[in-house]
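One structure below.
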Amino acid sequence: MNDLSERIEARKRLSRHHERLRRIKEQQQRELDKFKTDINLADYAQANGYSIDKKKSSVNYLVLKNTESDKILVGLNQSDGHYFYSSVNDNKDSGSIIDFIQNRRNLNLGEVRKELRPWINAPSNPPYSPKQATPKLTPSSPDRHKIITQFEAFKAIVTHPYLTQRGISQQTTNDPRFQGRIYTDSRNNVIFPHADREGVCGYELRNQEFKSFSKGGIKGLWASNGSKDDTTLVICESPLDCLSYHQLFPDETTRYFATGGTLSEKQKTLLKGVFEKFHNKGGQIMITTDNDEAGKQIEQELRNLAPSKAQINRIVPRHHKDWNETLMAEIRRQREQEQKRSRGRGFSR
């Protein structure tokens with residue numbers, strides 16, 4: 001065999017070697033994908049000491065905890081069908097079932113493969129079967145999953161320096177209407193969660209000179225707690241205005257919603273459903289948007305969403321832009337009156 005033939009044969013051997021490596025790599029990748037799609041991460045977690053918190057779980061995610069206070073959320077990615085998780089306690093602890101194992105047991109990838117192969121090689125007889133069937137998950141986006149994981153770490157509050165500065169009393173925030181509707185995060189920001197038909201989808205953040213909306217979240221509706229006896233529905237632009245309006249005009253049969261400003265198409269769909277349900281039970285709708293051009297625009301959009309025969313009205317602050325400014329002005333007026341009375345009592349002695 002001459003040199004040219006040897007070189008050609010060597011290239012062929014090298015090509016065949018590369019092809020074998022490519023096939024092995026593809027096979028390994030298919031196996032990894034199978035681990036992520038075919039193994040229910042919630043089942044695997046339960047086999048390793050976690051239990052499902054059914055009260056906290058929803059159709060989009062399962063909340064699981066173990067005895068060591070590790071708390072995770074498990075979801076199903078709507079784009080690739082992979083089960084994925086995120087830790088409530090550590091925002092860097094997230095990913096697939098492979099990440100879940102490696103972050104807890106310090107196994108290399110080969111050891112992870114050996115760990116998981118029994119789960120896919122015998123699907124009719126898996127290494128673990130929960131006593132009760134694990135709830136089936138509706139696929140969701142990682143962004144929503146991230147928002148929900150963050151929200152799980154927030155704490156419900158009834159008072160906060162920011163709310164106090166804005167004139168909101170603890171009596172208001174502790175009202176059953178608002179219990180469990182206001183939260184705080186690790187940076188001591190006030191959190192107002194927004195929800196759609198599937199649950200929490202984003203949240204507003206408020207603090208001194210600070211206003212933001214959750215990254216990756218989408219605006220739904222902030223809502224107070226409701227009651228079957230409610231007769232009035234109040235729509236404000238912000239949760240702070242809802243709290244202010246309630247403090248100015250307390251009523252036991254009023255439910256509050258806030259849009260977080262201008263309306264998105266998603267919010268319009270949500271509000272249309274809310275309006276129809278409230279109209280069907282004979283309730284009235286009260287629009288309490290800001291006293292400016294943007295508030296007028298939102299008012300018109302809200303009227304267009306309401307049923308044609310709905311009882312719908314708008315009330316705006318007379319001398320101020322919004323209801324929180326009105327509340328602050330009313331508090332100042334009451335303090336001035338009290339100071340005058342105090343001086344009067346001093347002179348009469």
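Remember, it's a predicted structure, so these values are computed and weren't measured experimentally.
- The only option from Asn66, Asp99, Asp70 that meets the side chain to side chain donor-acceptor pair (under 3.5 Å) definition with Arg104 turns out to be Asp70.
- Distance OG/Ser87 to CG/Leu64: 12.0 Å, rounded to 0.5 Å.
- Both tests hold for Lys281 against Phe278: distance to the six-membered ring centre under 6.0 Å, angle to the ring axis within 45°.
- Looking at heavy atoms from C-beta onward, Asp175 lies out of side-chain contact with Thr173 at the 4.5 angstrom threshold.
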Can I get a per-line list of side-chain donor-acceptor pairs under 3.5 Å for residues 268-277, giving both atom names and the distance, sequence neighbours left out?
residue: Lys268; atom: NZ; partner: Glu265; partner atom: OE2; Å: 3.3
residue: Thr269; atom: OG1; partner: Glu265; partner atom: O; Å: 3.2

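- Put simply, Leu305 and Ile287 are part of the same group of oily side chains (I, L, V, M, F, W, Y) that touch within less than 4.5 Å, one to the next.
- Atoms CG and CG, on Leu248 and Leu243 in that order, are 11.0 Å from each other to the nearest 0.5 Å.
- Between Phe257 and Trp222, the ring center distance fails the sub-6.0 Å criterion.
- For the side chain to side chain donor-acceptor pair (under 3.5 Å) criterion with Ser244, the lone passing option out of Asn324, Thr172, Asp322 is Asn324.
- Gln300 and Asn304 form a side-chain donor-acceptor contact under 3.5 Å, judged by distance and modelled atom types alone.
- Residues passing the salt bridge (charged side-chain N to carboxylate O under 4.0 Å, His left out) test with Arg255, sequence neighbours excluded: none.
- Summarising the local packing, CZ of Arg335 is surrounded by 12 or fewer heavy atoms from other residues, nucleotides or ligands at distances under 6.0 Å.
- Between Tyr245 and the options Thr254, Asp251, Ile315, a side-chain contact (heavy atoms from CB on, under 4.5 Å) holds for only Ile315.
- Atoms NZ and CG, from Lys211 and Leu240 in turn, are 9.5 Å apart once rounded to the nearest 0.5 Å.
- Put simply, the residue from Val158, Thr164, Leu163 that forms a side-chain contact (heavy atoms from CB on, under 4.5 Å) with His160 is Leu163.
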Check step by step if salt bridge (Lys or Arg N to Asp or Glu O under 4.0 Å) holds for Arg177 and Glu252. CA-CA 8 Å; Arg177 283 280 164 190; Glu252 294 182 356; over 6 Å; no

Determine whether Phe213 and His194 satisfy the following criterion, side chain to side chain contact (heavy atoms under 4.5 Å, CB included), listing intermediate values before the conclusion. CA-CA 10 Å; Phe213 196 83; His194 279 227; 4.1 Å; yes

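- With Gln267 contributing its side chain and Thr259 its backbone, the two residues share a donor-acceptor pair below 3.5 Å.
- At a threshold of 4.5 Å between non-hydrogen side-chain atoms, the residues Tyr162 and Glu209 do not count as touching.
- Aromatic ring centres of Tyr50 and Phe100: separated by under 6.0 Å.
- Ser51 places none of its side-chain heavy atoms less than 4.5 Å from the side chain of Gln46.
- Under a hydrophobic clustering in which Ile, Leu, Val, Met, Phe, Trp and Tyr are joined whenever their side-chain heavy atoms come within less than 4.5 Å, directly or via other members, Val88 and Ile148 fall into the same cluster.
- Around atom CG of Asn280, more than 12 heavy atoms belonging to other residues, nucleotides or ligands sit under 6.0 Å away.
- Under the salt bridge (charged side-chain N to carboxylate O under 4.0 Å, His left out) criterion, Asp185 pairs with no residue, sequence neighbours left out.
- Counting non-hydrogen atoms of other residues, nucleotides and ligands closer than 6.0 Å to NZ of Lys146 gives a total of 12 or fewer.
- In the displayed structure, Gln334 atom CD is contacted under 6.0 Å by more than 12 heavy atoms of other residues, nucleotides or ligands.
- Clustering of Ile, Leu, Val, Met, Phe, Trp and Tyr by side-chain heavy atoms under 4.5 Å joins Tyr183 with Ile147, Phe151, Phe154, Ile191, Val200, Tyr203, Leu205, Phe210.
- Looking only at side-chain heavy atoms (C-beta outward), Gln284 and Thr231 stay at 4.5 Å or farther from each other.
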CA sep, side-chain torsions, deciding dist, call: Glu31, Lys34, salt bridge (Lys or Arg N to Asp or Glu O under 4.0 Å): CA-CA 5 Å; Glu31 183 180 55; Lys34 198 171 181 64; over 6 Å; no

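- Listed by chain and residue number, Glu301 satisfy the side chain to side chain contact (heavy atoms under 4.5 Å, CB included) test with Gln297 (two or more places apart in sequence, or in another chain).
- Put simply, NZ on Lys114 and CG on Leu116 are 13.0 Å apart, with the number rounded to the nearest 0.5 Å.
- Between Gln102 and Asn106, every side-chain heavy-atom pair lies at or beyond the 4.5 Å cut-off.
- Hydrophobic clustering, with ILVMFWY side chains joined whenever heavy atoms are under 4.5 angstrom apart, groups Ile72 together with Ile101.
- Residues Tyr256 and Phe178 bring their aromatic ring centres within 6.0 Å.
- Between the side chain of Thr288 and the backbone N or O of Ile235, at least one donor-acceptor pair lies under 3.5 Å.
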Please test Asp196 against Arg144 for salt bridge (Lys or Arg N to Asp or Glu O under 4.0 Å), starting from the C-alpha separation and ending with a verdict. CA-CA 11 Å; Asp196 57 17; Arg144 177 184 282 269; 2.4 Å; yes

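- Taking CD of Gln208 as the reference point, atom CG of Asn189 lies at 10.0 Å (rounded to 0.5 Å).
- Between the side chain of Asn291 and the backbone N or O of Pro317, at least one donor-acceptor pair lies under 3.5 Å.
- Partners of Glu115 by salt bridge (charged side-chain N to carboxylate O under 4.0 Å, His left out), not counting sequence neighbours, listed by chain and number: Arg105.
- Remark: Tyr85 OH to Thr149 OG1 distance equals 11.0 Å, nearest 0.5 Å.
- Using a 4.5 Å heavy-atom threshold, the side chains of Ile285 and Gln311 count as separate.
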Salt bridge (Lys or Arg N to Asp or Glu O under 4.0 Å) evaluation trace for Lys296 with Glu293: CA-CA 5 Å; Lys296 291 179 182 179; Glu293 289 302 316; 3.5 Å; yes

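- Between Phe192 and Arg181 the shortest side-chain heavy-atom distance does not fall below 4.5 Å.
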